[in-house]
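Inspection log for the structure reproduced underneath, given as structure tokens.
Each chain gets a letter, A, B and so on, in the order the sequences are listed, and its residues count up from 1. If you're wondering where the values come from, they're calculated on a predicted model, not measured in any experiment.
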Number of protein chains: 2
Amino acid sequence: MKRTTIGDVAAAANVSIATVSRVLNGLAVKEVTATRVRDAAARLEYTPNALTKSIFAGRSSTIGVLIDDLRSPFYLDLMRGIDDVAAANGSLVMFSNTFRHTGREVAQVQAMDEQRVRGLIVTSGASVDERVRRMAAGGTPCVVVARTLQDPPPGLHSVSLDNVTAGRMMAEHILSCGRRTIGVIASGAVPSQIGRIEGLRKGLGKDNALLNDDAIAILDDDVTTPEVTDAVTSLLDANPSMEAMVCLSGRYTLAVHTALIDRGLSIPEDIGFLTMDDFAWAQNLGITVVTQPSHQMGQEAAKLIVENPRVSAQLTFEPELISRASCGELR
Amino acid sequence: MKRTTIGDVAAAANVSIATVSRVLNGLAVKEVTATRVRDAAARLEYTPNALTKSIFAGRSSTIGVLIDDLRSPFYLDLMRGIDDVAAANGSLVMFSNTFRHTGREVAQVQAMDEQRVRGLIVTSGASVDERVRRMAAGGTPCVVVARTLQDPPPGLHSVSLDNVTAGRMMAEHILSCGRRTIGVIASGAVPSQIGRIEGLRKGLGKDNALLNDDAIAILDDDVTTPEVTDAVTSLLDANPSMEAMVCLSGRYTLAVHTALIDRGLSIPEDIGFLTMDDFAWAQNLGITVVTQPSHQMGQEAAKLIVENPRVSAQLTFEPELISRASCGELR
DNA sequence: CTGAAAGCGCTAACAG
DNA sequence: CTGTTAGCGCTTTCAG
């Protein structure tokens, strides 16, 4: 069950181990010798050991990715973007879900570091910040997604959405539909959600409309459907004249939408509905969304790893509103 | 920029490199010495190099996964199942999309082999069969998903759905709704699709209903939405009295559903609609589906890698029909 | 209990 | 052009 090594090939081809290495790496070798080596390698079904190679390079060529939860459309597209450029660069991707579980986040970042990943892309929370800083300082480029860090050292990048604009776009669209009283569901007091709420306030302010604190439900970060339902119910109970419900996280789109319908509300007649992140069925369902260029963001994140600029890049992307039926004109 | 090594720790703790190794691996060392070593390691922020460790073990502890396309709900859940047991076992997952592109499949399997993955899970086509066989024979357990191989050597496993039963369930449900003339969209002449069609025939046969060949569209494996639309159109044109449209691949659910709606057909009044694989919005949309226990299948696949039984396991899972509105009683 | 020394599979100077 | 000789960072005998 022992694997054939470069030494076996060398013996079979009657050359030194160094010559085999040269042939395999395309260095100058007499053609006849090279052919002999290649034949031997093929005959012995030799498969080079990438692990050993990485030991020399000091690091592997794999890109590490830590995702909260792949089920979210944003993260899924992000992942595909990463995979695209990784594949184009002959890099593999090492992946793990963290489910926003702090213990898991810390453990997996450590694991990735031990694997000597070429770079690391994380969508996790602050629990990994210190470690990621150290990694970047130590020469492993890291990209934080959907968050920015204070005083990032060179090699520590971030890729995020212009959340304030996203919020403002939502507010302006709502106002333009003749709706004024709105409710908001946010997933945790994290930077992206805070930014979107700020944008919402700015957009509404232009029209002197107000967003009361009791019209905003900031859920915990990892809430399940029944809790979202409860939050929607409370919001509606507390604000009976609500004309639009805004969901600030793509992860809760389904839950919020369902809660609205189950309460017997018609969209958009009884209430307008607006959410983040486009998804496959959104068009058929006529749901108005603000999207992020998630696929592109994944690509850019991966490029930062591959190109490894010795600065700290803070990339911000612009959102886009796709207007569909769910938040149409009132009356 | 040089990483601290076990040697640095040894020097700092004034012990030999072997002693450090022992402490780090929990072998017998005098407690005072051990503490000194651990302190030094912490102080120097020592992070062991998993690559070098793997070199000794002969292979890494990473599980390789090759997926056609993560956007498909089945594959996404499968992936989550794999990730679950990997995380529980302290394994990382190395992942790559292949998009059913033969060149990419072959290249990535090779890459995974070079990475000396602990085992490989593939959802790809026959292009990788030979290589996967060799890997299994060479001691790297492999699991093929949604397909079975001829005479698998020990270590080469498969995880798949009982496709014939899935097809039969669909047929029986359709008949029980008083529908008889059906159309079928399949994604390629691959074993899973063939099996489902066979099941459909068997189920319909019980009632002497027939499934004509011109009511089945077998698309290419990697078709885009417009092509699906065309297929649906042709099917409908050729069979004007069609009472139910069956989609045999979760990847095409959206495209087929949209094509039906865009043609002005009401579901289920004008035509019943039935598809494979449950997905988040299916309930809200009232779409009847036959599901696979995809998450569990992922877990079992990963377990086969982790436990590595020295036989060839062929795991088959039973489908389940979730009846919703899209294929209700006729009239 | 601990250190010295021999590798794991491969690359990278050096000589020839 | 090609072979010899050191390592890469770590584990693992084998002596002390």
Using side-chain contact (heavy atoms from CB on, under 4.5 Å) as the criterion, list what pairs up with B:Thr33, not counting sequence neighbours.
B:Val15, B:Thr19, B:Val29, B:Lys30, B:Arg36
Starting at [atom1] of [X] and ending at [atom2] of [N], how long is that distance when rounded to a whole Å?
X        : N      : atom1 : atom2 : value
B:Lys53  : D:dC8  : NZ    : P     : 19 Å
B:Arg59  : D:dC10 : CZ    : P     : 21 Å
A:Leu51  : D:dT11 : CG    : P     : 14 Å
A:Glu114 : D:dG9  : CD    : P     : 16 Å
A:Ile55  : D:dT11 : CD1   : C1'   : 11 Å
A:Arg36  : D:dC1  : CZ    : P     : 15 Å

Boundaries of the DNA chain C segment in contact with chain A, non-hydrogen, under 4.0 Å
C:dG9 to C:dA13
Is [X] salt-bridged to [Y], cutoff N-O under 4.0 Å?
X        : Y        : result
B:Asp113 : B:Arg134 : no
A:Glu45  : B:Arg131 : no
B:Asp68  : B:Arg147 : no
B:Glu300 : B:Lys303 : yes

Quick check: do B:Leu156 and B:Arg133 have side-chain heavy atoms less than 4.5 Å from each other?
yes
What side-chain donor-acceptor pairs closer than 3.5 Å can you find for residues 7-14 of chain B, not counting sequence neighbours?
| residue | atom | partner | partner atom | Å |
| --- | --- | --- | --- | --- |
| B:Asp8 | OD2 | B:Thr5 | N | 2.8 |

Does A:His295, at its NE2 atom, have more than 12 non-hydrogen atoms belonging to other residues, nucleotides or ligands within less than 6.0 Å?
yes
More than 12 non-hydrogen atoms from neighbouring residues, nucleotides or ligands closer than 6.0 Å to CD on A:Glu130, yes or no?
no
Ignoring hydrogens and geometry beyond distance, is a side-chain donor-acceptor pair present between A:Thr47 and B:Glu114 at under 3.5 Å?
no
Show, in sequence, the C-alpha distance, side-chain angles and deciding distance for B:Gln292 and B:Phe317, and conclude whether the side-chain contact (heavy atoms from CB on, under 4.5 Å) test is met.
CA-CA 7 Å; B:Gln292 327 184 33; B:Phe317 294 78; over 6 Å; no
Counting distance alone, no hydrogens or angles: does the base of D:dG3 have a donor or acceptor under 3.5 Å from a partner atom on the side chain of A:Arg22?
yes
Categorize A:Val15 for me: base, sugar-phosphate, or nothing, with a 4.0 angstrom heavy-atom threshold over every strand shown.
sugar-phosphate
D:dT11 OP1/OP2 closer than 4.0 Å to side-chain N/O of B:Ser21:
yes
Give the residues of residues 41-49 of chain B touching DNA chain C, defined as any heavy atom closer than 4.0 Å, sorted by residue number.
none
Neighbours of DNA chain C within residues 5-13 of chain A, by heavy-atom distance under 4.0 Å
A:Thr5, A:Ile6
Over all atoms of both residues, closest heavy-atom pair of A:Thr140 and A:Gly119:
CG2-CA, 3.8 Å
Minimum-distance pair of heavy atoms, taken over all atoms of A:Gly125 and A:Glu105:
N-OE2, 3.6 Å
Rounded to 10°, the helix from C:dC1-D:dG16 to C:dG16-D:dC1 deviates from straight, judged by its five-pair end axes, by 40°
Pairwise 5' ranking along DNA chain C for B:Thr19 and B:Thr52, keeping only the more 5' one
B:Thr19
Closest-nucleotide mapping onto DNA chain C: is A:Thr4 or B:Ala28 further toward the 5' terminus? I mean the 5' end.
B:Ala28
Residue from A:Asp77, A:Asp83, A:Asp84 passing salt bridge (Lys or Arg N to Asp or Glu O under 4.0 Å) with A:Arg80
A:Asp77
Look at the side chain of A:Ser16 and decide which nucleotide, out of D:dT4, D:dT11, D:dG9, has an atom nearest to it.
D:dT4
